[in-house]
Amino acid sequence: MSDQDQTVTEYIVEYVDGPLAGTTDRRLLIDGKVDERVSAVAAIEGLESVFWYVAGDVRTIGGEQYVKYSFDAPDSDPVETEKEEESL
């Protein structure tokens, strides 16, 4: 396959806020398009949760497509931190 035959099949997800803020992920394009919504599973303080993100700005850097995703709190699992009280 020549360079001309190659097409971009992946893009980079940039999580801009929420529990995954500042992290990235690589995803596959579906029919040449980015996902409008993505889910991610992460453990926050030992509790595994599902977080939903919504697509925003798209840009191309160095031939790769980057998409900023914003946290969709109402559709995501709650992020709860329980403070354990020690009994003396």
Side-chain angles (χ1 to χ4, degrees):
M1 182 174 357
S2 72
D3 287 341
Q4 293 176 341
D5 294 336
Q6 292 181 355
T7 58
V8 176
T9 58
E10 294 182 328
Y11 66 100
I12 298 171
V13 172
E14 296 178 300
Y15 299 106
V16 296
D17 56 2
L20 303 177
T23 63
T24 61
D25 193 7
R26 208 172 265 279
R27 300 271 177 146
L28 294 175
L29 293 167
I30 305 298
D31 295 326
K33 298 178 183 176
V34 301
D35 294 312
E36 290 297 317
R37 287 171 38 100
V38 296
S39 64
V41 177
I44 306 296
E45 294 191 15
L47 178 65
E48 196 170 87
S49 303
V50 177
F51 303 114
W52 285 95
Y53 283 79
V54 179
D57 294 337
V58 179
R59 65 192 193 289
T60 302
I61 300 172
E64 291 194 286
Q65 194 171 30
Y66 287 75
V67 182
K68 291 185 178 185
Y69 280 82
S70 298
F71 184 53
D72 186 357
D75 285 346
S76 298
D77 288 344
V79 179
E80 297 178 19
T81 57
E82 294 181 27
K83 291 188 177 186
E84 294 183 22
E85 295 183 28
E86 293 184 24
S87 58
L88 299 175

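Because only heavy atoms are used, hydrogens play no part in the values below, and waters and symmetry mates are left out as well, while side chains stay in.
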Could you tell me the separation between the [atom1] atom of [X] and the [atom2] atom of [Y], rounded to the nearest 0.5 Å?
X	Y	atom1	atom2	answer
Thr60	Glu64	OG1	CD	9.5 Å
Arg26	Ile12	CZ	CD1	4.0 Å
Glu14	Ser70	CD	OG	11.0 Å

Between Tyr53 and Asp17, a side-chain donor and acceptor under 3.5 Å: no
Glu10 CD: over 12 foreign heavy atoms closer than 6.0 Å: yes
Lys/Arg-Asp/Glu bridge criterion (N-O < 4.0 Å) met for Arg59, Asp57: no
Transitive ILVMFWY side-chain link Phe71 to Val50, under 4.5 Å: no
Minimum heavy-atom distance [X]-[Y], with the two atoms named:
X	Y	answer
Phe51	Asp77	CE2-O, 3.8 Å
Val38	Tyr11	CG1-OH, 4.1 Å
Pro78	Ser49	O-OG, 4.3 Å

Validation row: Asp35, Tyr69 side chains within 4.5 angstrom (heavy atoms): yes
Ser76 side-chain N/O to Trp52 backbone N/O, donor-acceptor pair under 3.5 Å: yes
Full working for side-chain contact (heavy atoms from CB on, under 4.5 Å) between Val13 and Val67: CA-CA 5 Å; Val13 172; Val67 182; 5.7 Å; no
